[in-house]
K.L.:
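Below is a structure I'd like to ask you about.
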Amino acid sequence: MKPDLESAPENALQAALPKAYDPSSIEQRWAEYWVREHLFDVATPHAGARAPDAHTQTPERKFTQLLPPPNVTGRLHIGHMLNQTEMDILTRWHRMSGDTTLWVPGTDHAGIATQMMVERQLTAEGTTRQALGREAFEDRVWQWKSLYGNAILDQMKRLGSTVDWSREYFTMDDRLSIAVKEAFVRLYEQGLIYRGSYIVNWCPGCQTAVSDLEVIHEDQLGKLYEIRYPLADGTGSIVIATTRPETMLGDVAVAVNPSDERYAGLIGKELALPLTGRKIPIIADDWANPEFGTGAVKVTPAHDPNDFAIGQRHNLPNLNIMDTTAHIDLPGSPYHSLDRYEARKRILADLEALGLLVAARDHHNAIGLCDRSKDVIEPRLSKQWFVKIQPLADKAIEAVDKGYIKFTPDQYRKTYDEWMKNIHDWCISRQLWWGHRIPAWHCADCAQITVSRETPSTCAHCASASITQETDVLDTWFSSGLLPFTVFGWPNSKDLSSFRESGVPGQLAGWGGAAGGPASALSIPPDLAAFYPTQLLVTGFDILFFWVARMIMLGCHFMLDVPMPDGSPRTLKNAVPFREVYIHALVRDAERQKMSKTKGNVIDPIDIISRFGTDAVRFTLASMASPGTDIAFSEARTEGNRAFANKIWNAARFLFMNIDRAHEAGLDVSVNESGKVSAMANAPLETRWILTRLSQTAAEVNRALAAYRFDEAASAVYQFFWGELCDWYLEIVKLRLNFTPEGGETANAEALASLHAFVQVFDAALRLLSPFMPFITEEIWHALYNNAPPAKSIALTRFPQAADFPTDEPAVREMETLQQLIVTVRALRKEIGVPEKEATPIRVFSTNAANCDAAALARTNADMLAKLCRVSAVEIAPSALTGESTRSTPSFDVEVVYARQIDVPAERERLTKDLAKYEKGLQAADRQLSNEAFMAKAPAHIVEGLRKQSTETRLLYDKTKAALEALPPA
RNA sequence: AGGCGCGUAGCUCAGUUGGUUAGAGCGCUACCUUGACACGGUAGAGGUCAGCGGUUCGAAUCCGCUCGUGCCUACCA
């Protein structure tokens with residue numbers, strides 16, 4: 001049954017057949033077609049449109065993944081493209097291999113980033129969010145989102161990614177907001193979320209707390225100041241060391257190590273804090289490091305995390321001296337309202353004047369910057385919400401330790417483990433207006449907190465009606481950490497119908513969890529039952545902790561409570577959000593620099609695509625995506641792959657040209673739609689050879705993709721298509737395709753058989769290439785089926801398997817021998833300077849009567865040999881050494897002879913050089929063969945190989961020497 | 001301060017459990033506009049595998065050290 005393809009774009013190959021491939025003329029059309037036809041929506045059954053046996057939907061074989069949601073504020077960068085290329089290659093490969101394949105796209109609301117974006121707009125308009133008010137501001141952000149929020153997804157559509165657009169989500173969608181609230185409330189009820197005053201990373205620019213991960217450390221050369229603090233009783237002093245003298249205004253103690261004998265007598269005494277005269281104690285605490293600075297450290301609990309800990313241990317007060325903008329907040333003090341760095345200068349100057357500044361030494365230390373705004377982070381004491389992380393981390397560690405989640409490359413397992421074991425509680429509150437508002441209400445009367453799924457009208461503790469909702473919103477990563485299950489309808493199914501009109505995916509019927517099954521009785525969302533856990537997460541290591549680790553923790557935590565589709569309890573093994581994580585490299589610029597806007601070295605994928613075509617860029621990224629190392633993006637390589645696309649295009653033109661010729665000769669050319677090729681015992685050598693190579697290439701590509709070796713898969717298809725199909729097979733087929741309208745029937749029948757084989761091979765090659773280069777293969781494939789293909793897209797056909805093609809090992813060996821012979825003849829032509837246009841005859845001599853396969857092959861394929869070598873005739877003769885130019889190759893015993901005068905000095909030079917090479921090789925081989933230890937310990941096949949090599953090299957050496965001696969004297 | 005990685009042809013990179021003469025793309029040289037393709041064809045040149053030492057019959061591959069380089073994590077003021 002042919003699908004209705006009226007909606008398919010017009011085919012450029014059918015129209016003009018331009019010589020050069022122009023990606024822009026076709027890519028846009030197919031990108032739109034794929035989206036418009038919903039070809040990759042899982043809810044859209046399309047099994048009937050596939051090749052008969054290619055796609056029996058097997059529920060056990062599913063392939064599900066989530067697109068790491070880009071920020072709505074984002075623009076597509078090359079890293080996204082690498083990520084999507086890899087995901088799409090895998091998705092297409094799995095889909096074509098018969099798996100139920102779902103790839104869910106979406107965008108992230110990106111709290112800080114988006115709020116900053118809109119605030120900049122407001123600034124330009126001369127207003128502020130504070131002037132607008134919270135609600136109006138939120139409306140404004142939604143407005144912005146509806147206008148610009150799809151930009152990145154629109155860009156993504158050009159990449160050809162086969163995502164299910166019907167499932168597209170936004171992390172602030174109602175259904176996801178409900179889920180976020182549910183998750184928060186449950187964690188709170190379980191005692192895993194708490195609120196408290198702690199030192200957090202405060203960004204004075206963004207005016208919010210940020211998590212540890214959002215602080216980037218930068219090494220800076222600063223100063224370590226030594227300041228003298230006098231004793232209150234005037235009997236002496238102590239010198240402390242600090243990098244931040246301005247915080248001394250908030251000092252509440254000075255700590256020394258209890259074991260530090262220098263200060264033993266001072267512990268318990270009081271100091272008069274310089275500049276203020278406030279009295280503070282000297283305390284003993286292990287934190288003070290006798291080796292560092294002076295061994296005495298000032299304690300400022302409100303402005304330093306360590307000092308905060310000391311303060312807790314010693315019951316010291318917290319003295320907050322700074323406001324949220326990092327200005328000194330001490331009304332009445334001369335430093336009041338000074339910026340922190342201005343205050344530092346003034347304080348140092350004042351201390352100097354008092355003679356209390358003892359020293360200022362150069363000092364390297366890491367300074368914390370805000371990931372978003374690059375402001376220097378100010379540790380600040382404030383009330384925040386935290387997730388008690390240890391219980392979650394324990395399960396997450398176990399899940400990976402037990403192998404329920406596999407990391408590729410494996411080294412990241414260690415990184416993950418290391419981080420997970422040293423994890424701190426997660427600060428999840430943000431003082432922003434854009435995000436999931438924390439579902440907690442503060443009571444004005446009893447000061448208690450009511451956490452609730454629904455908006456409460458009264459306080460749960462004292463029933464007071466004076467309650468107000470928490471103003472903080474949640475860290476963006478809190479909601480994205482829940483995605484693996486929230487996108488599939490967690491917590492329950494009742495919200496499902498509201499966001500997915502299409503309902504339960506058709507081909508999943510009968511799968512546990514489908515409507516009517518046991519799962520629905522337990523009200524497990526059908527999608528959750530069907531798709532959780534996902535198979536794979538593909539992402540960069542930059543969000544390993546931000547996102548991957550959080551998904552694992554939250555997935556293991558929440559999904560353990562959700563029964564399996566059959567109603568049985570879920571184990572950790574099935575609670576994990578994904579079975580595998582593939583971490584890819586970072587894309588850098590050609591100079592290996594990390595791309596950044598400020599450096600101006602950002603590679604715009606859209607620009608690259610419009611210059612080289614999406615297929616070429618995809619292929620480049622895939623072929624450079626070897627694990628472990630970063631990718632230095634190479635335009636030169638992209639150019640090379642554009643040439644590859646052009647090569648494919650022209651090979652197709654050649655095929656179509658011959659199909660046309662066959663038609664003109666009144667012959668019919670059909671395509672076998674099964675995707676498999678049956679045995680061809682009587683087929684010509686090149687057909688048997690290329691089918692075997694096709695089988696081997698399919699095996700290699702399948703193997704490489706299963707191991708995430710995109711580079712190896714890409715190079716296998718590249719080498720096969722260009723190096724074998726085009727360079728050899730096609731050149732030989734050329735000789736067979738002699739369609740002659742008036743010619744004999746037999747000749748035409750033979751030509752047609754070759755053409756049929758060619759079509760089958762080409763069809764398979766296109767399918768093999770399509771995950772990597774979906775656009776050009778789609779275009780050619782439709783043309784190949786004369787725009788009436790067996791499926792709506794090549795992406796819905798069968799991916800070539802090794803067993804789909806008949807193999808013939810002897811044919812491969814024969815072909816290789818023939819190739820070697822041909823290369824030898826060509827090289828010889830060149831070396832003895834036969835002009836390109838001159839077609840002289842050659843003679844091929846067998847030098848070894850007992851083993852003359854090559855000579856026999858040359859005889860059988862004399863015609864082919866002559867054409868491919870551009871010689872007029874090939875004559876097979878018994879062995880004979882003549883004074884003419886001769887050449888032989890090591891792997892078979894033939895000699896190729898050209899009857900031609902040669903350039904004697906040039907020939908002598910070449911032979912001398914060769915002789916030296918053979919001699920060296922011979923010596924090396926003989927040295928090993930006479931090494932007793934080697935002979936005793938080396939495996940047999942190695943020794944055997946070396947012997948063979950030695951024998952062959954000896955032969956070459958002798959021949960070359962003889963030839964050299966036979967040359968006329970200079 | 002800990003941890004991870006990298007150093008192979010002029011450039012960008014492959015090189016699987018150690019094994020016969022270390023590969024690819026781009027670039028380079030020579031010749032070729034042969035009816036698929038000059039975004040092409042054919043044939044070439046080009047490498048002491050960062051250095052030193054060790055294990056081994058045998059090392060680009062395993063181990064140690066040195067040098068160079070990139071990154072991640074980190075609450076020593």
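Below, chain A is the first sequence line, B the second, and so on; all start at residue 1. Just so it is clear, the model here is predicted, and its values are computed rather than measured.
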K.L.:
Using a cut-off of 4.0 Å on non-hydrogen atoms, how would the nucleic acid contact of Glu731(A) be classed: base, sugar-phosphate, or nothing?
P.N.:
base
K.L.:
Using purine N1 to pyrimidine N3 plus N6-O4 or O6-N4 for Watson-Crick, or N1-O2 and O6-N3 for G-U wobble, each under 3.5 Å, what pairs with C39(B)?
P.N.:
none
K.L.:
Please classify the nucleic acid contact of Gly295(A) as base, sugar-phosphate, or nothing, using heavy-atom distances under 4.0 Å.
P.N.:
base
K.L.:
Is any N or O donor-acceptor pair between the side chain of Glu226(A) and the base of A77(B) shorter than 3.5 Å?
P.N.:
no
K.L.:
Side-chain donor-acceptor pair under 3.5 Å between Asn641(A) and Tyr718(A), yes or no?
P.N.:
no
K.L.:
Measure centre to centre between the rings of Tyr198(A) and His424(A), then say whether the value is under 6.0 Å.
P.N.:
no
K.L.:
Distance only, no hydrogens: is a donor on one side chain within 3.5 Å (strictly under) of an acceptor on the other, for Thr614(A) and Glu27(A)?
P.N.:
yes
K.L.:
When the nearest nucleotide of RNA chain B is assigned to Leu730(A) and to Ser623(A) on a heavy-atom basis, which residue is associated with the more 5' position?
P.N.:
Ser623(A)
K.L.:
Using atom P of each nucleotide, how far apart are G18(B) and U56(B) to the nearest Å?
P.N.:
16 Å
K.L.:
Knowing that exactly one of Phe775(A), Tyr21(A), Phe644(A) qualifies, which makes a ring-ring contact (aromatic ring centres under 6.0 Å, His included) with Trp649(A)?
P.N.:
Tyr21(A)
K.L.:
To the nearest Å, how far apart are Asp711(A) CG and U16(B) C1'?
P.N.:
11 Å
K.L.:
Could you list the protein-to-nucleotides 22-29 of chain B atom pairs, N/O on both sides, closer than 3.5 Å?
P.N.:
none

K.L.:
Base, sugar-phosphate, or nothing: which does Val299(A) touch, judged by heavy atoms less than 4.0 Å apart?
P.N.:
nothing
K.L.:
Roughly how many Å is it from NZ in Lys830(A) to P in G41(B), rounded to a whole number?
P.N.:
14 Å
K.L.:
With sugar-phosphate meaning primed atoms plus P, OP1 and OP2, does Asn365(A) contact a base, only sugar-phosphate, or nothing at under 4.0 Å between heavy atoms?
P.N.:
sugar-phosphate
K.L.:
According to the Watson-Crick and G-U wobble definitions, with both distances under 3.5 Å, which nucleotide is paired to A74(B)?
P.N.:
none
K.L.:
Are Arg829(A) and C32(B) close enough that a side-chain N or O sits under 4.0 Å from OP1 or OP2?
P.N.:
no
K.L.:
The side chain of Lys734(A) is closest to which nucleotide in this list: A36(B), U34(B), A77(B)?
P.N.:
A36(B)
K.L.:
Between C37(B), G35(B), C39(B), which nucleotide gets closest to the side-chain atoms of Met657(A)?
P.N.:
G35(B)
K.L.:
Side chain of Asp304(A): nearest nucleotide among C37(B), G35(B), A77(B)?
P.N.:
A77(B)
K.L.:
Quick check: on RNA chain B, is the nucleotide nearest Ala296(A) upstream (toward 5') of the one nearest Leu213(A), or the reverse? Name the residue that is more 5'.
P.N.:
Leu213(A)
K.L.:
Base, sugar-phosphate alone, or nothing: which one does Lys298(A) contact when heavy atoms must sit under 4.0 Å apart?
P.N.:
nothing
K.L.:
I'd like to know if the side chain of Arg550(A) reaches the main chain of Phe546(A), judged simply by a donor and an acceptor atom lying under 3.5 Å from each other, with no hydrogens or angles considered.
P.N.:
yes
K.L.:
Side chain of Phe545(A) only, heavy atoms from C-beta on: which candidate in A36(B), A74(B), C72(B) is closest?
P.N.:
C72(B)
K.L.:
Can you tell me, in whole Å, how much space there is between the C1' of C13(B) and that of U8(B)?
P.N.:
9 Å
K.L.:
List for me each residue that meets side-chain contact (heavy atoms from CB on, under 4.5 Å) alongside Asp711(A), sequence neighbours excluded, and say none if there are none.
P.N.:
Ser626(A), Arg709(A)
K.L.:
Roughly how many Å is it from CD1 in Ile282(A) to P in A77(B), rounded to a whole number?
P.N.:
22 Å
K.L.:
Expressed as a whole number of Å, how far does the C1' atom of U42(B) sit from that of G7(B)?
P.N.:
35 Å
K.L.:
Base, sugar-phosphate, or nothing: which does Asp727(A) touch, judged by heavy atoms less than 4.0 Å apart?
P.N.:
sugar-phosphate
K.L.:
Of the listed nucleotides (A36(B), C31(B), A77(B)), which one gets closest to any side-chain atom of Ala241(A)?
P.N.:
A77(B)
K.L.:
With no hydrogens and no angle check, do the side chains of Glu214(A) and Ser211(A) hold a donor and an acceptor under 3.5 Å apart?
P.N.:
yes
K.L.:
Of the nucleotides A36(B), G44(B), C76(B), which has the atom closest to the Cys726(A) side chain?
P.N.:
A36(B)
K.L.:
Distance check, P atoms only: G58(B) and A45(B), in whole angstrom units.
P.N.:
31 Å
K.L.:
If only side-chain N and O atoms of Lys414(A) are considered, is one of them under 4.0 Å from the OP1 or OP2 phosphate oxygen of G3(B)?
P.N.:
no
K.L.:
Base, sugar-phosphate, or nothing for Arg826(A), non-hydrogen atoms under 4.0 angstrom?
P.N.:
sugar-phosphate
K.L.:
With sequence neighbours left out, write down each residue that passes ring pair (Phe, Tyr, Trp, His ring centres under 6.0 Å) with Phe934(A), or none if nothing qualifies.
P.N.:
none
K.L.:
Would you mind reading off the distance between Phe644(A) atom CZ and A38(B) atom P, rounded to a whole angstrom?
P.N.:
17 Å
K.L.:
How far does the C1' atom of G70(B) sit from the matching atom of U34(B), given to the nearest Å?
P.N.:
50 Å
K.L.:
The test is ring pair (Phe, Tyr, Trp, His ring centres under 6.0 Å); show your working for Phe721(A) and Phe762(A) and say whether it passes.
P.N.:
CA-CA 9 Å; Phe721(A) 196 91; Phe762(A) 208 83; 5.8 Å; yes
K.L.:
I need the CH2-C1' distance between Trp287(A) and C76(B), as an integer number of Å.
P.N.:
4 Å
K.L.:
Counting distance only, does the side-chain N/O of Asp425(A) pair as donor-acceptor with the main-chain N or O of Ile389(A) below 3.5 Å?
P.N.:
yes
K.L.:
Which part of the nucleic acid, if any, lies within reach of Ala309(A) when heavy atoms closer than 4.0 Å are counted: base, sugar-phosphate only, or nothing?
P.N.:
nothing
K.L.:
Given atom CZ of Arg709(A) and atom P of C13(B), what is their separation to the nearest angstrom?
P.N.:
15 Å
K.L.:
What contact category does Arg661(A) fall into here, base, sugar-phosphate, or nothing, at under 4.0 angstrom with non-hydrogen atoms?
P.N.:
base
K.L.:
Which listed nucleotide (G41(B), C4(B), A74(B)) is nearest to the side chain of Lys647(A)?
P.N.:
G41(B)
K.L.:
Applying a 4.0 Å non-hydrogen cut-off, can you work out what His363(A) is touching in the nucleic acid: base, sugar-phosphate, or nothing?
P.N.:
sugar-phosphate
K.L.:
Take the protein atom CZ of Phe292(A) and the nucleotide atom C1' of A1(B), then report the distance between them rounded to whole Å.
P.N.:
12 Å
K.L.:
Please work out if Thr415(A) contacts a base, only the sugar-phosphate, or nothing of the nucleic acid, heavy-atom cut-off 4.0 Å.
P.N.:
nothing
K.L.:
In Watson-Crick or G-U wobble terms, both distances under 3.5 Å, what is the partner of G19(B)?
P.N.:
C57(B)
K.L.:
With rounding to whole Å, what would you report as the distance between A59(B) and C52(B) at their P atoms?
P.N.:
14 Å
K.L.:
What is the distance from CD of Glu700(A) to P of G15(B), rounded to the nearest Å?
P.N.:
12 Å
K.L.:
Counting only Watson-Crick pairs (N1-N3 plus N6-O4 or O6-N4) and G-U wobbles (N1-O2, O6-N3), all under 3.5 Å, who is the partner of A50(B)?
P.N.:
U66(B)
K.L.:
Can you check the distance between C6(B) and G46(B), where both ends of the measurement are the P atom (answer in whole Å)?
P.N.:
30 Å
K.L.:
Checking side-chain polar atoms at under 3.5 Å, does Asp212(A) have a donor or acceptor matched by the opposite partner on Asn201(A)?
P.N.:
yes
